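Working notes for the structure below.
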Number of protein chains: 2
Amino acid sequence: MAQQRETVRRTPLSRKRVLSAAVVLADESGVESLSMRKLAQELGVVPMALYKHVANKEELLDGMVDVIVGEIDTGASGEGWKSAVRQRVLAARQILLRHPWARRVIESRTNKSPVVLEYMDSMIGMFQAGGFSVDLTHHVMHAMGSRMWGFTQEVFDDSANATAEISPTMLHAMAEKYPHVMEIAMRADHDDDSVVGQGCDDQFEFEFALDLLLDGFERLHEQGWTSTGRR
Amino acid sequence: MAQQRETVRRTPLSRKRVLSAAVVLADESGVESLSMRKLAQELGVVPMALYKHVANKEELLDGMVDVIVGEIDTGASGEGWKSAVRQRVLAARQILLRHPWARRVIESRTNKSPVVLEYMDSMIGMFQAGGFSVDLTHHVMHAMGSRMWGFTQEVFDDSANATAEISPTMLHAMAEKYPHVMEIAMRADHDDDSVVGQGCDDQFEFEFALDLLLDGFERLHEQGWTSTGRR
DNA sequence: AAAGGTAGGTGTACGGCGTACACTTGTCAA
DNA sequence: TTGACAAGTGTACGCCGTACACCTACCTTT
């Protein structure tokens, strides 16, 4: 009784527990509202306790990325580089979709963790195994860019979503000012009767872009690409 | 004398002056260290004075994006959609390169400003003028993603830069753990004698990816693409 | 059993942030 | 002359990340 104090002994913190809780919190309320203090509160602990397990908030974010990237199913498929890469990227997308904040965080990390490096390494390996030259692989990885994580490039489609809550007057004014944007926004979900649907099929758009890239890679590879002229 | 106080009359603030100063400050020391207080100090004014010209920090960032996007040379070239788009995107890249923080900020804006909408509208217009169907244009814009702003996808190349300051031992260990990554990193600047060069030619990588996309668009357009099967 | 190191959790405090709100002040129209 | 209005000020609040000194429970060594 004197020994055990008045509270039940907490399961002790650990880096892993801290990171998992952080991921959950970010999933629930967005990474921008994740703070060391809230995270500590969630874990029933004083804020400074976290610093015994992560050096600072940056390292916390690094660790969160590792947790996510570690979730990606890395099981090989083994029927040609193209379908292997495709499958891998779609698997990544599956995970990343469940953690919408991860896109921004991954892109903001300047130093790659071992987990991230390993992911990239195995993806490079897929192209190499398909017979791509080192140079071509290099450029191809650049061309993939963040699509290699399964990210959709969000830059475009929000405008469509936004129109859903805009007055007809406003909508009309916009149609005059940005005719092309509106035309596309209207068309985005034309099998729906409402003025503007809830945006477009993200999965389709993603695969469209991914396949476009992969087909391009294939074509270059087949015609024995070498860095023509340049350097 | 009594009228004029002891200080020279300041040129008054204006939305424009606030935004320009913010852009300069972000250029100099990065957008992450830009604060309302520092910006106010830079302008010789008390922080709250800024709020007479921008509603809050979010709107400040919106405005900064507008300043940058407004700088993009929008002059038409008029020899086919492909070279027009190419030229436009490279012009955007030219501007964005001078404001490295803009990438992150543009991507983090959820509501597009008129300036941004107009930029997108005119780009869509280029594809339309080239005879692209509305649907194809839509998908093509998604596939362009943030590359439409001239952004390089940074996800990949930093690892190369980082290796420059790593001990030989460390480097050797990494080569064992991430053989593919290292192979590419080593090759990235092979005409340089140092172990690892200062990374790769970003401009080349960007154009490589851009042309890959544009060629893909062209191919789809020529073969009269329609959204096969899907929806 | 005593001593002492160590890992994990605590409490306090500091400087920075965005911004609400009430205020002064300078300018110009009526 | 008045008095409305736009521009700038001052104070204050509640958040944030985290430095630093501290306690405390446990483990190892003797």
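Everything numeric in this text was worked out from a predicted model, so none of it was measured. Residue numbering restarts at 1 for every chain, and letters A, B, ... go by the order of the sequence lines.
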Please state how far atom [atom1] in [X] lies from atom [atom2] in [N], giving the value in whole angstrom units.
| X | N | atom1 | atom2 | answer |
| --- | --- | --- | --- | --- |
| K38(A) | dG17(D) | NZ | C1' | 14 Å |
| Q41(A) | dG17(D) | CD | P | 13 Å |
| L39(A) | dG17(D) | CG | P | 10 Å |
| L60(A) | dC16(D) | CG | P | 14 Å |
| L50(B) | dC17(C) | CG | P | 13 Å |
| M36(A) | dA13(C) | CE | P | 21 Å |
| E32(A) | dC16(D) | CD | P | 13 Å |

Which nucleotide in the set [options] lies at the smallest distance from any side-chain heavy atom of [X]?
| X | options | result |
| --- | --- | --- |
| Y51(A) | dT18(D), dT19(C), dT9(D) | dT18(D) |
| K52(A) | dT19(C), dT10(C), dG17(D) | dT10(C) |
| A49(A) | dG8(D), dC17(C), dG9(C) | dG9(C) |
| R37(A) | dC17(C), dT18(D), dT9(D) | dT18(D) |
| S35(A) | dG17(D), dG18(C), dG10(D) | dG17(D) |

Does R93(B) qualify as a cation-pi partner of F151(B), given the criterion of NZ or CZ under 6.0 Å from the six-membered ring centre and within 45 degrees of its axis?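 Because its charged atom misses either the 6.0 Å distance or the 45° angle limit, R93(B) does not stack over F151(B).
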
May I ask you to say what K57(B) touches in the nucleic acid, namely base, sugar-phosphate or nothing, with a heavy-atom cut-off under 4.0 Å?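 Sugar-phosphate contact only - K57(B) comes under 4.0 Å of backbone atoms but never of a base.
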
So what does M48(A) hit on the nucleic acid, given a heavy-atom distance under 4.0 Å: a base, only sugar-phosphate, or nothing?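 The answer is base, as M48(A) lies within the cut-off (heavy atoms under 4.0 Å) of a base atom.
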
Quick check on salt bridge (Lys or Arg N to Asp or Glu O under 4.0 Å): which of R103(B), R109(B), R104(B) does E107(B) satisfy it with?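 Passing option: R103(B).
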
Between S113(B) and D66(B): side-chain donor-acceptor atoms closer than 3.5 Å: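 A donor-acceptor contact under 3.5 Å links the two side chains.
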
Side chains of T137(B) and Q128(B): any donor to acceptor distance under 3.5 Å? yes

Specify whether F208(A) and H139(B) have parallel, tilted or perpendicular ring planes, treating 30° as the upper limit for parallel and 60° as the lower limit for perpendicular.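 Judged by the thresholds at 30° and 60°, the geometry between F208(A) and H139(B) is tilted.
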
Does H53(B) put a side-chain nitrogen or oxygen below 4.0 Å from OP1 or OP2 of dG8(D)?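 The answer is yes; a side-chain N or O of H53(B) sits under 4.0 Å from OP1 or OP2.
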
For P47(B) and S33(A), find the nucleotide of DNA chain D closest to each by heavy atoms; which residue's nucleotide sits nearer the 5' end?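 With P47(B) and S33(A) compared, the 5'-side residue is P47(B).
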
